[in-house]
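Chain identifiers are assigned alphabetically (A, B, ...) following the order of the sequence lines, protein sequences preceding nucleic acid strands; residue numbering begins at 1 within each chain. No hydrogens, no waters, no symmetry mates; every other heavy atom, side chains included, goes into these values.
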Amino acid sequence: MSTQASSRDALFAYALRLGDTSLVLGHRLSEWCGHAPELEEDIALTNIALDLVGHARLLLTYAGDVEGKGRDEDRLAYRRDVFDYRNHLLAEQPNRDFGHTILRQFLHDAWAVELYERLAGSADATLAAIAAKAVKEVRYHVRHSGEWVVRLGDGTDASHARMADALDRLWPYTGEMFERTAGEAELAAAGIAVDAAELKAAWTARVSAVLEEATLPRPADGWMQSGGLRGEHSEHLGYLLAEMQFLQRAYPDATW
Amino acid sequence: MPDGACWGPEETADAAVRAAWTALAQVMDPEIPVLSIIELGIVRAVRRDDGGRLEVVLTPTYSGCPATAMIVLEAELALARAGLTDARVTTTIAPPWTTDWISETGRAKLAEIGIVPPPKAGKRALTAPDETVACPRCGSPDTSVVSPFGSTACKALHRCNACLEPFDVFKCH
């Protein structure tokens with residue numbers, strides 16, 4: 001394989017990682033539409049979902065351009081199966097209760113802010129433009145999700161217990177955010193990608209500060225789940241895609 | 001650029017470019033219909049592309065703004081109605097839109113319909129959470145945030161503690 005082809009594959013994989021993670025998490029949040037604990041939060045979760053799906057559209061469109069096989073954002077979103085998705089396992093975890101949803105969101109947002117702030121300086125003009133746009137939005141998201149984590153963690157006994165449970169369940173999925181996709185290190189060396197491993201310290205500082213205020217002890221970094229970046233997903237993603245892709249699977253190329 | 005930092009028509013001898021700006025001034029934001037897309041600061045350029053074809057460049061406000069496709073369509077229709085049938089509308093995301101690009105006229109119109117215009121961002125990305133926002137109806141500074149996410153992606157919902165009316169605030173972006 002030529003150097004040019006392998007760096008194109010690496011860029012495609014990188015854009016998919018970011019695009020798929022935004023798409024899957026955005027879809028998860030949209031499942032709250034009409035079900036959130038209060039109207040304002042219903043609107044907030046769907047607003048955030050909208051931003052994430054917006055980022056996914058930009059990233060998947062770019063992935064399709066880089067790949068050069070004529071796949072557009074819809075083709076990538078609706079015509080790939082579980083094994084072809086490259087999202088973080090954290091993003092596909094089910095919503096469970098509101099505390100679980102907002103903690104999952106915070107753990108992701110804290111990563112996304114650190115990522116996009118750095119990626120805005122990418123040598124790749126398209127990635128830099130997407131990141132510069134996204135970072136303004138995710139800064140707003142992380143403030144919102146972080147405030148909720150504090151309010152619920154440092155809230156009643158019941159809310160604290162639920163948040164502690166959510167933290168136990170979700171923590172093993174956080175390690176994957178700092179893994180690299182194939183070729184990511186080379187892209188980072190060329191100033192195109194942000195080396196995910198380098199986000200760990202800043203993410204940990206941000207998350208630790210919020211958890212401390214929320215009176216939630218930070219779990220130790222034990223064994224971490226892994227696989228999303230290689231297409232090895234939890235059972236949950238299949239159900240999510242079945243719902244999200246239904247129309248295009250039942251009526252391929254349908255438009256309206 | 002007619003007012004402040006707003007992007008707008010520049011002096012040109014090209015009659016079609018001037019006509020395009022005039023046509024675009026009639027296109028309103030579908031979610032805040034008192035504002036034209038020029039006043040909203042999302043018309044980034046009207047120019048001739050390399051082939052000499054008229055090109056209108058728009059920029060979305062928020063990444064996921066569902067009104068973007070509608071705005072592009074409305075702009076195309078307005079250009080066609082003005083006889084500029086050859087013009088095409090494209091979008092760009094760089095540099096990213098900021099509420100600082102809402103024109104002074106646009107800000108005044110927002111205030112008039114009871115939406116608090118965004119503070120000037122400068123280097124800041126978003127409003128500080130503790131920033132005082134005066135009630136657009138009674139002017140009281142005693143207000144609180146009901147929800148940082150409002151009826152559209154670009155707005156937050158506040159409430160006046162004096163007159164008790166809720167009101168929208170255009171988020172600083």
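- With values rounded to the nearest 0.5 angstrom, L52(A) atom CG is found 9.5 Å from S63(B) atom OG.
- Contacts between residues 26-42 of chain A and chain B, counted as heavy-atom pairs separated by less than 4.5 Å, involve E40(A).
- The shortest heavy-atom contact between P96(B) and A132(A) is CG-O, 3.9 Å.
- Within a 6.0 Å radius of CD in E73(A), more than 12 heavy atoms belonging to other residues, nucleotides or ligands are found.
- In this structure, the separation between CG on L50(A) and OG1 on T152(B) is 10.0 Å, given to the nearest 0.5 Å.
- Under the rule for a side chain to side chain contact (heavy atoms under 4.5 Å, CB included), the partners of V57(B) that lie at least two apart in sequence or sit in another chain are R44(B), A45(B), R47(B), E55(B), T90(B), T92(B).
- Remark: side-chain polar atoms of K133(A) are paired, donor with acceptor, to backbone N or O of T61(B) under 3.5 angstrom.
- Interface check for chain A: of the options S147(B), A94(B), P148(B), G150(B), the most heavy-atom pairs under 4.5 Å are formed by P148(B).
- For R71(A), the CZ atom sits in a packed shell: over 12 heavy atoms of surrounding residues, nucleotides or ligands are nearer than 6.0 Å.
- Residue pairs that meet the side-chain hydrogen bond (donor to acceptor under 3.5 Å, both in side chains) test with at least one member in residues 65-82 of chain B, sequence neighbours left out, do not exist here.
- With sequence neighbours excluded, the residues forming a ring pair (Phe, Tyr, Trp, His ring centres under 6.0 Å) with F149(B) are Y140(A), H144(A), listed by chain and number.
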